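Written below as structure tokens is the structure these notes are about.
On a predicted model such as this, the values are computed, not experimentally measured, just so you know. Side chains included, hydrogens not; waters and symmetry mates left out as well; all remaining heavy atoms used. Per chain, numbering begins at 1; letters A, B, ... match sequence-line order.
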There are 2 protein chains.
Amino acid sequence: MTKFSDFDLQDFTPFLLNIAAEATSLGFQRHYKEKYGMLRTEWRVVFHLGQYGPMHAKEICERARIHKTKVSRAVAALEAKRYLQRKEEAKDRRHETLSLTRRGLAVFDELYEVARSFDADLMAQFTPEERVTLKRCLAQIANL
Amino acid sequence: MTKFSDFDLQDFTPFLLNIAAEATSLGFQRHYKEKYGMLRTEWRVVFHLGQYGPMHAKEICERARIHKTKVSRAVAALEAKRYLQRKEEAKDRRHETLSLTRRGLAVFDELYEVARSFDADLMAQFTPEERVTLKRCLAQIANL
DNA sequence: GATTGGTAGTTACAAAACCAACTATTAGAG
DNA sequence: CTCTAATAGTTGGTTTTGTAACTACCAATC
């Protein structure tokens, strides 16, 4: 029994997006969770610092769309694991510059490769045109 | 400073999907949260029952990809709000058939329309071809 | 140079999610 | 029958998140 035929739950974009996001995230999480005991937010912080270099927590919040309390906790956890270090800025002591340690960088280097091949596998099922369209649409939705 | 130029975090599909999913979900949540005090899982249960008719909790778990403990709690909450009712099955008393009450159905009817127009607005920024591709890709990823 | 307002980041407490063990029930094998 | 295994759903304890209030600091105004 389906009450409506023109608009189905399976077509509701937020629903689809959530399920797709969940599926891919679960697939990838074992790489950072099982092996390095990281949470998703921690992994994202590592990825940001590894790819874009040292920055303030604030910048990570904006780029990664993570609330500052979550970043704050992720940074504390990563520091405890000795994956990153903080450096208070002399000019403005409210800021602290975050950067990966050697250990953290090694983790990033490995996960970066894993992420790249994970993504390649995931995209392998689509044509180049589909990939472009998919990513463009997602980016557009994300910037809403 | 960007260390790698061929594969950027912004291209990592799980990341993109998560941000897009988050953005749309937050946009829609006020409709069920503010007005009806529902959680996301509750809203999904209502949507499933409203669209596909009475079913067992197990079926909702499978269709909506929600863990049974979450469904169990959502059902209890919806029952307390008098949006759904349970009926134990005579044949097999482990099963209970869930269905929306009149109240629940009214909520569904309204939210269904809101969801439809929300989705239409969201998709308005894309061409018909993009929409088709986007949804097809998402559905494919979701079924992984 | 005190006061007010704003910013970066943290903490505390409450809400929600996660995971594992549990109850109640049925099905099937001996 | 009765015993074991399996299924539907629930509960309890821990982890994670969300929200709001907080600290520490800086900048601008008076």
In terms of the nearest nucleotide of DNA chain D, which residue is placed more toward the 5' end: B:D92 or A:T69? B:D92

Counted 5' to 3', the first and last nucleotides of DNA chain D within 4.0 Å (strictly under) of a heavy-atom of chain B are D:dA6 to D:dG13

Donor-acceptor contacts under 3.5 Å from residues 40-50 of chain A side chains, at least two apart:
unit_1: A:R40; atom_1: NH1; unit_2: B:N18; atom_2: OD1; d: 3.0
unit_1: A:E42; atom_1: OE1; unit_2: A:K81; atom_2: NZ; d: 2.5

Could you state the CD-P distance from B:E88 to C:dA24, rounded to the nearest angstrom? 12 Å

List the residues meeting side-chain hydrogen bond (donor to acceptor under 3.5 Å, both in side chains) with B:D121, not counting sequence neighbours, and say none if there are none. none

Give every donor-acceptor pair under 3.5 Å between a side-chain atom in residues 134-144 of chain A and any protein atom, sequence neighbours left out.
unit_1: A:K135; atom_1: NZ; unit_2: A:D119; atom_2: OD2; d: 3.0
unit_1: A:K135; atom_1: NZ; unit_2: B:D11; atom_2: O; d: 2.3
unit_1: A:K135; atom_1: NZ; unit_2: B:T13; atom_2: OG1; d: 3.2
unit_1: A:R136; atom_1: NH1; unit_2: B:E130; atom_2: OE2; d: 2.3
unit_1: A:Q140; atom_1: NE2; unit_2: B:Q125; atom_2: OE1; d: 3.1
unit_1: A:N143; atom_1: OD1; unit_2: A:R65; atom_2: NH2; d: 3.0
unit_1: A:N143; atom_1: ND2; unit_2: A:A139; atom_2: O; d: 3.2

Which residue pairs pass the salt bridge (charged side-chain N to carboxylate O under 4.0 Å, His left out) test with at least one member in residues 21-31 of chain B, sequence neighbours excluded? none

Return the residues of residues 23-37 of chain A meeting this criterion: a heavy atom under 4.0 Å from some atom of DNA chain D. Order them by number, or give none. none

Summarise protein proximity over nucleotides 4-9 of chain C in one line of letters, 5' to 3': B for base, S for sugar-phosphate only, - for none, counting protein heavy atoms closer than 4.0 Å. --BBSB

List in chain and number order the residues that pass side-chain hydrogen bond (donor to acceptor under 3.5 Å, both in side chains) with B:R94, two or more places apart in sequence or in another chain; answer none if no residue qualifies. B:D92

Holding to side-chain hydrogen bond (donor to acceptor under 3.5 Å, both in side chains), I want the full list of residues that pass it with A:T133, two or more places apart in sequence or in another chain. none

B:Y36 ring center near B:Y32 ring center (under 6.0 Å): no

Listed by chain and number, what are the ring-ring contact (aromatic ring centres under 6.0 Å, His included) partners of B:F126, not counting sequence neighbours? none

Tell me the ring pair (Phe, Tyr, Trp, His ring centres under 6.0 Å) pairs involving residues 67-87 of chain A, sequence neighbours left out? none

Find the distance A:R73:CZ to C:dT10:C1' and express it as a whole number of Å. 9 Å

Name all residues meeting the side-chain hydrogen bond (donor to acceptor under 3.5 Å, both in side chains) criterion together with A:E79; count only those two or more places apart in sequence or in a different chain, and write none if there are none. A:R86

